[in-house]
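Here is the structure we will look at.
What you are looking at is a predicted structure, and each value in this text was computed from that prediction instead of being measured. Here is the naming used below: chain letters follow the sequence lines, and residue numbers restart at 1 for every chain.
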There are 2 protein chains.
Amino acid sequence: MSLPKNQKTTIKVIAERAGVSVTTVSRVMSGQGSKYRISKKTEELVNRLAKELNYETNILARSLRMKQTFSIGMIVPDISNPFFASIARSVEIESRKAGYSVILCDSQEDTTLEKESLKVLRMRKVDGMIICPVGKELKNIIDVSKFNIPVIVVDRYFPALNLSCVVSDNYNGAIQAINHFIDKGHRKIAFIQGLRNTSVNEERLKGYLDAHEKNNIPVNESFIVGEDFGKQNGYIGAKILLNGSERPTAILGGSNLISLGALRAISEEHLNIPDDISLIAFDDQPYYDFLSSPITSIRQKKEELGKISIALLLNELKGGNVPGKKKIIVPTELIVRKSVKQIN
Amino acid sequence: MSLPKNQKTTIKVIAERAGVSVTTVSRVMSGQGSKYRISKKTEELVNRLAKELNYETNILARSLRMKQTFSIGMIVPDISNPFFASIARSVEIESRKAGYSVILCDSQEDTTLEKESLKVLRMRKVDGMIICPVGKELKNIIDVSKFNIPVIVVDRYFPALNLSCVVSDNYNGAIQAINHFIDKGHRKIAFIQGLRNTSVNEERLKGYLDAHEKNNIPVNESFIVGEDFGKQNGYIGAKILLNGSERPTAILGGSNLISLGALRAISEEHLNIPDDISLIAFDDQPYYDFLSSPITSIRQKKEELGKISIALLLNELKGGNVPGKKKIIVPTELIVRKSVKQIN
DNA sequence: GAAATTAGGACAAACGATTGAGCAATAAGG
DNA sequence: CCTTATTGCTCAATCGTTTGTCCTAATTTC
């Protein structure tokens with residue numbers, strides 16, 4: 001019952017108390033007792049002492065020796081964005097199940113902070129990383145791949161990169177959205193896009209364009225606005241669209257935050273959804289059902305993105321068969337609510 | 001330019017290359033050069049080699065020796081809840097600025113997982129912890145305080161506990177809400193509460209009750225429903241309230257998720273806010289402005305909760321003056337929108 | 001009954017830093 | 001020229017594990 005007060009319980013004090021070597025204690029504690037022919041009696045003694053003295057393995061020491069930390073690094077551009085928070089959540093839950101801890105870094109959409117995070121995670125010797133890149137620059141991610149530490153890229157990726165990645169089917173998601181607009185009779189469809197030159201944005205944009213082309217609807221260049229994934233951008237983008245020389249009848253919001261900003265602009269202009277303007281949001285949110293008019297959206301399977309990423313990473317860590325880098329595309333889903341008007 | 005391929009760059013290889021001892025290298029790398037009278041020449045040589053060889057300190061080794069990991073553990077009940085995500089975000093940002101990393105654990109509102117997280121964080125020798133407890137049981141948190149590692153408790157705390165904590169002013173928040181209802185003429189005010197026996201809930205409940213008493217309005221016991229902070233609970237609670245023998249005219253939702261659930265129930269019953277029923281939500285969310293009727297809410301200053309917590313913790317870590325444990329209460333703010341009807 | 005196994009465990013070298021104490025060479029002081 | 005300081009480092013222990021190798025008794029085998 002003597003709780004360790006001054007003295008931290010280490011393998012060494014257990015060894016002394018038990019009258020055996022530290023080797024023996026180590027082997028018992030790591031469950032290798034039988035493998036190394038430690039007698040039942042010794043094993044029980046050691047276990048009892050460990051419990052009594054409240055022993056807890058010092059993971060630092062173990063990691064240093066084993067060159068494995070059982071930790072993974074996760075970098076997201078903004079953990080307060082529910083999209084990334086959901087991904088982070090499933091990553092954490094699955095990691096823990098596998099005996100890993102996750103070190104979280106918020107890059108704040110800033111390439112410099114992203115780089116810094118990468119460095120910290122390397123210094124901490126994480127066994128692997130799951131990165132939702134800022135996406136503006138390839139450089140950081142290229143660099144990290146030089147350190148031959150397993151990395152999974154999620155959401156925003158770089159086609160040129162030889163890393164496994166897990167992404168939503170942004171292209172077909174956009175197509176679903178635009179087709180839905182077109183089915184409902186819309187021809188003047190705008191797109192408030194996110195950050196240029198990120199895969200996520202370019203694929204959505206391509207979907208937007210291709211869906212127009214396949215339906216023989218000309219694209220009005222002035223209907224494409226926006227420059228990042230934030231709320232402010234959505235607000236400004238919508239303001240511009242609604243006050244342009246030609247007003248669109250429908251808007252595709254390039255992210256959940258963009259759509260939120262657009263909602264503010266629409267409301268400020270005293271317009272009603274869907275009567276005056278139709279809207280589809282990329283990335284579904286739990287509250288869409290309760291907005292002034294429930295918002296039709298393209299749902300991304302966030303938990304699956306997270307689960308697949310961590311599964312991929314763990315597999316690589318198990319030294320598993322690494323059959324080349326994979327690109328895994330997770331389908332999106334059109335959730336029809338009431339924000340798209342049937343016209344004509 | 002010889003990038004380290006097979007061989008990781010350690011202090012030792014730099015020492016060999018430079019023809020000095022590891023001690024010297026260590027001292028240069030940690031910026032203690034002048035303190036230990038390392039010559040400018042040697043210092044520059046070491047620095048140059050470190051750069052060339054792409055040296056990065058192994059934090060594990062340092063931590064083992066220094067008995068300091070420069071990491072802090074953070075436990076939240078659900079990182080995908082924007083409330084906790086916002087807190088986590090400011091904790092991460094401020095930690096990083098101070099040179100700390102954060103290990104994130106999601107307890108999934110489960111006491112057992114919380115306990116497990118606590119253990120993992122101890123094994124990883126975090127320098128301190130910031131915990132948003134599940135709140136059902138005191139035991140876990142009492143246990144952790146035995147290990148004399150600095151801990152800050154956020155949001156749900158235990159009055160009996162001798163730990164610093166940072167909380168919203170839940171009591172006055174509830175009072176603000178109820179007073180607002182009363183000002184608007186409401187007398188039949190319901191409360192969908194969260195998890196019983198958590199400080200957060202009990203204080204809000206007390207505010208609810210006291211505000212009634214001070215205004216000489218009898219409390220109808222059947223107007224108090226609910227049992228946890230989740231969406232489902234809000235839905236069920238509202239269903240019960242709306243179909244009870246006596247229907248309230250106003251509802252205070254005990255959390256953002258509860259309020260979301262309540263919205264669904266209200267909508268299912270084909271009722272309109274605020275004409276048929278008034279609502280105030282505890283914890284403001286960015287989308288409240290855009291709900292079918294913009295929701296009046298009690299805003300919690302989430303970022304401040306996070307910032308204050310980490311500041312408190314860092315202060316304790318600096319070995320700073322620890323003038324007893326503190327309880328810091330962060331005021332809430334009533335955000336008036338359009339979900340409360342003026343009656344009579 | 002000698003040789004070969006087996007059981008049960010101990011030794012000591014890592015892992016990569018940090019750090020108190022010490023030591024040789026040079027400079028300064030008288 | 002001898003003593004004392006100062007400069008500029010180095011030595012070696014330490015942090016708490018893990019792990020390949022080795023060792024001694026006891027037990028089997030033939």
Side-chain angles (χ1 to χ4, degrees), chain A residues 4 6-47 49-50 53-71 122-127, chain B residues 4 6-47 49-50 53-71 122-127:
Chain A
N6 320 337
Q7 188 174 209
K8 281 268 161 210
T9 306
T10 71
I11 231 175
K12 192 172 163 192
V13 337
I14 295 185
E16 281 164 5
R17 288 272 232 280
V20 299
S21 72
V22 296
T23 306
T24 300
V25 177
S26 170
R27 290 190 164 136
V28 170
M29 295 318 297
S30 61
Q32 314 224 67
S34 57
K35 179 175 168 191
Y36 285 98
R37 303 187 306 258
I38 310 297
S39 67
K40 273 291 160 225
K41 197 161 52 172
T42 306
E43 201 159 42
E44 277 162 17
L45 173 61
V46 168
N47 279 325
L49 283 172
L53 298 175
N54 231 301
Y55 173 73
E56 285 176 346
T57 305
N58 182 326
I59 301 194
L60 264 60
R62 166 191 285 170
S63 298
L64 181 59
R65 171 63 222 240
M66 293 178 65
K67 290 175 170 304
Q68 243 198 105
T69 55
F70 296 96
S71 66
R122 279 195 314 262
M123 297 202 310
R124 292 200 178 269
K125 306 296 173 198
V126 294
D127 294 340
Chain B
N6 319 339
Q7 189 174 209
K8 281 270 161 208
T9 306
T10 70
I11 231 175
K12 191 173 164 192
V13 338
I14 295 185
E16 281 164 5
R17 289 272 233 278
V20 300
S21 73
V22 296
T23 305
T24 300
V25 178
S26 170
R27 289 189 164 138
V28 170
M29 295 318 297
S30 59
Q32 315 225 67
S34 58
K35 179 176 170 193
Y36 286 98
R37 303 188 306 261
I38 309 297
S39 68
K40 272 293 159 221
K41 196 160 55 169
T42 306
E43 200 159 43
E44 276 162 17
L45 174 61
V46 168
N47 279 326
L49 284 172
L53 299 175
N54 231 302
Y55 173 73
E56 284 175 347
T57 305
N58 182 326
I59 301 195
L60 265 61
R62 164 191 288 170
S63 299
L64 181 58
R65 173 62 222 242
M66 294 177 64
K67 291 175 170 305
Q68 242 198 106
T69 55
F70 295 95
S71 66
R122 279 195 314 261
M123 297 202 310
R124 292 199 178 270
K125 306 295 174 201
V126 294
D127 294 341

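Taking 4.0 angstrom as the limit, B:Tyr36 places none of its side-chain polar atoms (N or O) nearer than this to OP1 or OP2 of D:dT6. Distances shorter than 4.0 Å separate some side-chain N or O of B:Ser39 from OP1 or OP2 on D:dC9. Close to D:dG16, at under 4.0 Å from its OP1 or OP2, lies a side-chain N or O of B:Lys67. Taking side-chain N and O atoms only, A:Arg62 has a distance below 4.0 Å to OP1 or OP2 of D:dT18. At C:dG9, one or more side-chain N or O atoms of A:Thr42 fall inside 4.0 Å of OP1 or OP2 (strictly under the cut-off). Phosphate contact (OP1/OP2 of C:dG16, side-chain N/O of B:Ser26, threshold under 4.0 Å): absent. Remark: B:Thr10 is not in phosphate contact with C:dG16, judged by side-chain N or O atoms under 4.0 Å from OP1 or OP2. At C:dT18, none of the side-chain N or O atoms of B:Thr23 fall inside 4.0 Å of OP1 or OP2 (strictly under the cut-off).
Distance, B:Lys35 NZ to D:dG8 P: 17 Å, rounded to whole Å. If you measure from atom NZ of B:Lys12 to atom P of D:dC11, you get 13 Å, rounded to the nearest angstrom. Look at OH on A:Tyr55: it is 10 Å from P on D:dG16, rounded to the nearest Å. Separating the CE atom of A:Met66 from the C1' atom of C:dC15 is a distance of 12 Å, rounded to the nearest angstrom. One atom, CZ of A:Arg37, and another, P of D:dT27, lie 15 Å apart when rounded to the nearest Å. Atoms CD (A:Glu16) and C1' (C:dG9) sit 17 Å apart, rounded to a whole Å. Here D:dT7 presents its P atom at 17 Å from NZ of B:Lys41, a figure rounded to the nearest Å. Taking atom CG of residue B:Asn58 and atom P of nucleotide C:dC15, one finds them 12 Å apart after rounding to whole Å.
Within 4.0 Å (heavy atoms only), A:Gly19 reaches sugar-phosphate atoms of the nucleic acid but no base atom. Residue A:Thr24 is classed as a sugar-phosphate contact, given heavy-atom separations below 4.0 Å to backbone atoms only.
When distances are taken from the side chain of A:Val20 to each of D:dT17, C:dA10, C:dT19, the shortest belongs to C:dA10. Nearest to the side-chain atoms of B:Thr57 among the listed nucleotides D:dT18, C:dA17, D:dG20 stands C:dA17. Closest to the side chain of B:Ile11, from the set D:dG16, C:dA17, C:dG9, is C:dA17. If you check D:dG20, C:dT19, C:dA17 against the side chain of B:Gln32, the one that comes closest is C:dT19.
No hydrogens or angles considered: nothing links the side chains of A:Thr9 and A:Asn54 as a donor-acceptor pair under 3.5 Å. Counted by atom type alone, B:Ser26 and B:Thr23 present zero donor-acceptor pairs between their side chains at under 3.5 Å.
Donor-acceptor pairing under 3.5 Å, judged by distance alone, is absent between the side chain of A:Arg65 and the base of D:dT17. For C:dG20, the base has a donor-acceptor partner in the side chain of B:Arg27 [N/O atoms by modelled type, under 3.5 angstrom].
Side-chain contact check for A:Ile59 versus A:Thr69: every heavy-atom pair is 4.5 Å or farther apart. Contact check for A:Ile11 versus A:Tyr55: side-chain heavy atoms found under the 4.5 Å cut-off. Under the 4.5 Å side-chain criterion, counting only non-hydrogen atoms from C-beta, B:Phe70 is not in contact with A:Met123.
Here CG of B:Asn58 is found 9.5 Å from NZ of B:Lys8. Values are rounded to the nearest 0.5 Å.
Between B:Val22 and A:Ser30, it is B:Val22 whose nearest contact on DNA chain D lies nearer the 5' terminus. Of the two residues contacting DNA chain C, namely A:Lys40 and B:Leu60, the nearest-nucleotide position lying further toward the 5' end is that of A:Lys40.
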